[in-house]
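Worksheet: the structure to be examined is printed underneath.
When reading the values below, keep in mind they use all heavy atoms of this one structure, side chains included, and skip hydrogens, waters and symmetry mates. Small disclaimer: the values here were computed from a predicted structure and weren't measured. We count ligands from 1, going down the list as the structure has it; atoms in each ligand are counted the same way.
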Amino acid sequence: MSTIHEEMKHDKFKAKAVLDSKWLEEEIQYVLQKIDENLDLFTEKVPPAASTNLMYIPEDNNDWTASFWIGMLYLAYEYTGNDKYLDVIKTQLESFSERLTKNIQLETHDIGFLYSLSCVAGYQVLKDETAKEIAIKAADKLITRYHQKAKIIQAWGDLSDPEQLGRMIIDCNMNLPLLYFASRETGNQKYYNIAVNHAKQAAKYIVREDASTYHTFYMDTENGEPLYGKTAQGYTDQSCWARGQAWGVYGFALSYVHTGDREFLDIAEKLANYFLNRLPDDNICYWDLVFTEGKEERDSSAAAIMACGLLELSKNLPVSHQYKEVYENAAIKMIKSLAESYTTKKVHSNGILLHAVYSKPDNNGVDDCCIWGDYYYLEALIRTVMSWKMYW
Ligand code: GLY
């Protein structure tokens, strides 16, 4: 067992949380209506990472966030069975193929987000063999970022960039499923080994003993030794960036799903406790978990990711586990809170979730919509109504 400790400190999620099916259907219909309104605008182009004054302005497929839109289209298609989504999915898939062939802005570990939600999903949902081949090529590209000695995948930048050399980040746990997929489909263990090594290093160095997380951590790539933790989007190097913690919960739960190593599930659980212990009354986290009250911005996108992570965590725990239902209750309460007070229902916007924060230190996308928040909100809703097979 790991040496990481964090117990749930209060009973606020013990009472059974229930989702009314009519309410849920209306909420999903709201999200589908927003997607439908955006179909023409985002056929060739994609929504950017964050909205400007609550409006997503179309851009080319060149950021790390380009796949959240196609991910939403697959969810919409799976839920409704309506063919109207397929033409846009096809156009978007072509764009992801071209992006890989032309190597457009792929010096990033987020190849995982990009090609899980576009091509792995395309293979899974549409049985598209070409999408499968592209996903495997994307995995080949991702593993070029692996440092053998440090046993980590470098997050950002050219591998020769001294500022980014040997830097891993908590978000990367969400990129590993592309590698698990590639191993499964090719029978080649190398992708799996890299993913597991990286997840173990993240567990060892990014996760602190109190179950909080660094956003990023530097490793010495020459001798494999740990160097130091540093934030990029959090409040301080020692604080706990809320979205990073959410990526951690969901990401470690996914490494458990793909490896069966219970240590990963145990870590996801401790990280979840840390997060749940620091929520304000309406259960939507501040952008950094150092804040538990006051006027700092919330990050609705972190709450949406967390709701999905908690549902996945709960699903994988045994019936007798003391927090199995607690995690599910917490996820449901977050979904309800998002629906009641954090959607665009009463404002002019082409986004779905209000009050997300992309990067507060960079004053980028602060208190706007973030496209991954919209995606994970829909994923969370879909998880509560369908036996949904993950794209991760
Ligand atoms: N993965 C980058 C972010 O969450 O902002």
Side-chain angles (χ1 to χ4, degrees), residues 46-52 56 59 61-69 71-72 105-118 138 142 145 152-157 164 167-178 198-199 202 206 212-217 229-235 237 239-252 254-255 271 275 284-289 297-309 351 353 355-377 379-380 391-392:
V46 294
S51 61
T52 304
Y56 290 125
E59 66 177 26
N61 179 351
N62 55 26
D63 203 351
W64 73 272
T65 50
S67 59
F68 291 109
W69 169 239
M72 291 171 76
Q105 305 272 26
L106 290 177
E107 299 307 325
T108 168
H109 67 147
D110 289 324
I111 290 169
F113 279 112
L114 291 168
Y115 287 89
S116 290
L117 281 185
S118 58
L142 179 53
R145 306 186 65 74
I152 59 116
I153 295 166
Q154 182 174 320
W156 296 319
Q164 300 299 343
R167 191 178 199 182
M168 64 170 154
I169 79 173
I170 184 70
D171 323 27
C172 189
N173 288 47
M174 294 299 296
N175 288 320
L176 304 179
L178 180 67
H198 179 95
I206 288 190
S212 66
T213 46
Y214 288 110
H215 182 189
T216 89
F217 196 96
K230 190 169 175 53
T231 200
Q233 283 157 258
Y235 184 62
D237 291 343
S239 71
C240 182
W241 178 49
R243 193 160 65 253
Q245 194 78 0
W247 291 137
V249 170
Y250 199 173
F252 280 118
L254 290 175
S255 271
L271 265 60
F275 188 100
I284 305 304
C285 56
Y286 285 87
W287 66 277
D288 191 295
L289 299 178
E297 290 80 8
R298 308 300 183 90
D299 182 6
S300 62
S301 75
I305 297 161
M306 193 64 181
C308 296
L353 275 193
H355 308 309
V357 171
Y358 185 3
S359 180
K360 180 88 193 254
D362 301 313
N363 194 22
N364 181 3
V366 176
D367 198 16
D368 245 293
C369 306
C370 285
I371 190 63
W372 57 86
D374 294 358
Y375 167 82
Y376 284 102
Y377 182 53
E379 186 190 300
Y391 309 148
W392 308 107

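Those atoms of ligand 1 with a heavy atom of Tyr358 less than 4.0 angstrom away are 5 (O). The Gln233 neighbourhood of ligand 1 comprises atoms 3 (C), 5 (O), with distances under 4.0 Å to a heavy atom of that residue. Atoms of ligand 1 found under 4.0 Å from any heavy atom of Trp64, numbered from 1 in the order shown, are 1 (N), 2 (C), 3 (C), 4 (O), 5 (O).
Of all the heavy atoms of Trp241, the ones lying under 4.0 Å from any atom of ligand 1 belong exclusively to the side chain.
In this structure, Trp156 and His215 have perpendicular ring planes: the angle between them is above 60°, well past the 30° mark. In this pair, Tyr358 and Trp372 present their aromatic rings perpendicular. The plane angle is above 60°, beyond the 30 to 60° band.
A distance below 6.0 Å separates the ring centres of Trp247 and Tyr376. In this structure, Trp64 has its ring center under 6.0 Å from that of Phe113.
The CZ atom of Phe217 sits 15.0 Å away from the SG atom of Cys172 when rounded to the nearest 0.5 Å.
Of all protein heavy atoms, the one closest to atom 3 (C) of ligand 1 is Arg243 NH2, 3.3 Å. Ranking protein heavy atoms by distance to atom 2 (C) of ligand 1, first place goes to Asp171 OD2, 3.1 Å.
By the 3.5 Å distance cut-off applied to N or O atoms, Trp372 is not counted among the residues near ligand 1. The shortest N/O to N/O separation between Trp247 and ligand 1 falls below 3.5 Å.
Each of Leu142, Leu117, Leu114 was evaluated against Leu178; a single residue qualifies, Leu142, per the side chain to side chain contact (heavy atoms under 4.5 Å, CB included) test.
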